[in-house]
Amino acid sequence: MKRIIPQKSTRILLFLLIALTLLFAYGELLYPHSAYTPSGASLEAPSAHHILGTDNLGIDIFAQISRGYFSSMFMGILSALLAFAAGGILGTLAGYKGGVTDHIITFFINVFLCIPQLPVLIVLGAFFGQSMWNIILIISLFSWAPIAKQIRAKTMSIKSRKYILLADAYGGKPFYIIRTHILMELLPLLIVNALGVIGKTIRQEASLAYLGLSDPLAKSWGLMINKASGFSGIYFTPYWKWWLLPPVIVLMTTILLTRLLARTFENEKREDA
């Protein structure tokens with residue numbers, strides 16, 4: 001009975017995330033206005049012609065938010081895949097091999113876990129330049145260590161089980177044992193952590209964009225918030241309602257959905273354990 005609630009929650013969250021994706025797919029593919037060129041007067045209020053109005057340059061806000069959604073998701077998924085691969089491989093290697101290999105990998109895990117991420121991200125983002133690919137690599141660099149730590153602990157627990165010891169005694173090679181016996185046990189944990197990285201990447205990219213350290217030509221929610229909040233006297237006008245508020249709400253909603261989805265997957269994993 002305990003497993004029904006997380007599974008139902010997961011379906012609801014997946015439905016909401018898919019609905020959000022379809023909404024912004026319409027804004028990206030079928031919506032008549034561009035996210036890069038003006039299509040109306042400056043600071044038009046929401047209307048049937050412009051769903052969320054326009055910014056100070058006359059560019060449609062819904063089109064910009066739609067472009068920002070796929071840009072953020074692309075960065076989040078790619079960062080998650082890189083962290084997934086690095087954390088999974090190094091964590092499994094450290095947990096299974098032990099000895100000197102474990103000590104070396106654990107040392108680097110602890111180093112990256114101790115470094116304050118946001119200040120270093122700001123410095124590295126400023127040093128390496130305002131590029132989406134640089135941000136993906138930097139965020140991935142600081143996302144693999146927590147995954148590797150959990151995978152290492154899980155691998156150490158799995159490798160002491162009798163069927164693993166028996167496979168090793170019968171001459172099973174490490175790669176074969178990991179691929180056939182350990183990997184399926186680790187996969188749910190890797191998926192949970194990868195979902196967490198997606199939400200963290202979206203948040204950190206928005207933070208860097210807000211500080212002006214992302215690609216200025218890309219459509220980013222953080223950059224939209226930066227431009228809107230920096231507009232003179234915006235809080236004394238109604239412009240904040242359709243220029244500032246929508247990207248903030250969409251940013252918070254997307255991060256919340258990914259974090260809750262990771263949490264429900266984690267709950268299901270614990271119930272199955």
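A quick note: this is a predicted structure, and the numbers were derived from the prediction, not measured.
Rounding to the nearest 0.5 Å gives a distance of 9.5 Å between CG of Leu244 and CD1 of Ile61. Atoms OG and CG, on Ser220 and Asn226 in that order, are 9.5 Å from each other to the nearest 0.5 Å. Atom CG of Leu14 sits about 5.0 Å away from atom CG of Leu261, to the nearest 0.5 Å. Distance CD1/Ile198 to CG/Leu257: 12.0 Å, rounded to 0.5 Å. Atom CD1 of Ile138 sits about 11.5 Å away from atom OG of Ser143, to the nearest 0.5 Å. Rounded to the nearest 0.5 angstrom, Ile234 CD1 and Tyr239 OH are separated by 9.5 Å.
Residues in residues 217-237 take part in these ring-ring contact (aromatic ring centres under 6.0 Å, His included) pairs, two or more places apart or across chains: Phe231-Trp243. Sorted by first and then second residue, the pairs that involve residues 33-57 and meet ring-ring contact (aromatic ring centres under 6.0 Å, His included), not counting sequence neighbours, are Tyr31-His33, His33-His49, His33-His50. Listed by first and then second residue, the salt bridge (Lys or Arg N to Asp or Glu O under 4.0 Å) pairs that reach into residues 26-47 are Glu28-Arg67, sequence neighbours excluded. For residues 32-43, no residue pair satisfies the salt bridge (Lys or Arg N to Asp or Glu O under 4.0 Å) rule, not counting sequence neighbours. For residues 76-100, the set of pairs meeting the salt bridge (Lys or Arg N to Asp or Glu O under 4.0 Å) definition, not counting sequence neighbours, is empty. Here salt bridge (Lys or Arg N to Asp or Glu O under 4.0 Å) pairs that include residues 101-112, with residues two or more places apart or in two chains, are Asp102-Arg152.
Residues forming a ring pair (Phe, Tyr, Trp, His ring centres under 6.0 Å) with Tyr96 (at least two apart in sequence, or on another chain): none. The side chain to side chain contact (heavy atoms under 4.5 Å, CB included) check on Val100 picks up Ile104, with sequence neighbours excluded. Partners of Leu256 according to the side chain to side chain contact (heavy atoms under 4.5 Å, CB included) rule, which considers only residues two or more places apart in sequence or in another chain, are Leu260. Residues satisfying the side chain to side chain donor-acceptor pair (under 3.5 Å) test with Arg203, not counting sequence neighbours, are none. Under the rule for a side chain to side chain donor-acceptor pair (under 3.5 Å), Asn110 has no partner lying at least two apart in sequence or in another chain.
Between Ala63 and Ala35, the closest heavy-atom pair is O-CB, 3.4 Å. The minimum heavy-atom distance linking Val248 with Ile225 is given by the pair CG2-CD1, 3.7 Å. Shortest non-hydrogen contact noted between Ala148 and Ile109 is CB-CD1, 3.6 Å.
You'll find the side chain of Phe62 reaches within 4.5 Å of the side chain of Tyr26, heavy atoms only. At a threshold of 4.5 Å between non-hydrogen side-chain atoms, the residues Leu13 and Arg263 do not count as touching. The closest side-chain heavy-atom distance from Leu251 to Ile202 is below 4.5 Å. Proximity of Phe112 to Phe107: side-chain heavy atoms (C-beta onward) are nowhere separated by under 4.5 Å. With a 4.5 Å cut-off on side-chain heavy atoms, Pro146 and Leu113 count as touching. Between Lys200 and Gln204 there is a side-chain heavy-atom pair separated by less than 4.5 Å. The shortest distance between side-chain heavy atoms of Ser34 and Thr37 falls below 4.5 Å.
Residues Ile164 and Leu187 share a single hydrophobic cluster, defined by chaining ILVMFWY side chains whose heavy atoms lie under 4.5 Å apart. Note on Leu22 and Leu52: separate hydrophobic clusters, where clusters join Ile, Leu, Val, Met, Phe, Trp and Tyr whose side-chain heavy atoms are under 4.5 Å apart, directly or indirectly. Val123 and Leu208 fall into different hydrophobic clusters, where Ile, Leu, Val, Met, Phe, Trp and Tyr side chains are chained together by heavy-atom contacts under 4.5 Å. By the criterion of side-chain heavy atoms lying less than 4.5 angstrom apart, applied directly or through intervening Ile, Leu, Val, Met, Phe, Trp or Tyr residues, Tyr69 is grouped together with Leu30 in one hydrophobic cluster. Note: the hydrophobic cluster containing Leu57 does not contain Met224 (ILVMFWY, side chain heavy atoms under 4.5 Å, direct or indirect links).
No more than 12 heavy atoms of other residues, nucleotides or ligands shown are found within 6.0 angstrom of CZ on Phe175.
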Do Trp240 and Ser229 pass the side chain to side chain contact (heavy atoms under 4.5 Å, CB included) test, and can you show the C-alpha distance, the side-chain angles, and the key distance before you say yes or no?
CA-CA 8 Å; Trp240 66 272; Ser229 59; over 6 Å; no

I would like to know whether Thr201 and Ile135 meet side chain to side chain contact (heavy atoms under 4.5 Å, CB included); could you show each step before the answer?
CA-CA 9 Å; Thr201 300; Ile135 292 175; over 6 Å; no

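Each of Ile65, Thr254, Leu29 was scored for a side-chain contact (heavy atoms from CB on, under 4.5 Å) with Phe24, with one residue passing: Ile65. Checked against Glu185 for a salt bridge (charged side-chain N to carboxylate O under 4.0 Å, His left out), the options Lys159, Arg179, Arg161 give a single hit: Arg161.
Here the side chain of Ser39 pairs no donor or acceptor atom with the backbone of Ile59 at under 3.5 angstrom. Within the 3.5 Å criterion, the main-chain N or O of Gly95 finds no donor-acceptor partner in the side chain of Thr155.
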Distance-only donor-acceptor hits, side chain of residues 70-93, under 3.5 Å, sequence neighbours excluded:
unit_1: Ser72; atom_1: OG; unit_2: Gly68; atom_2: O; d: 2.9
unit_1: Ser79; atom_1: OG; unit_2: Met75; atom_2: O; d: 2.8
unit_1: Thr92; atom_1: OG1; unit_2: Gly88; atom_2: O; d: 2.6

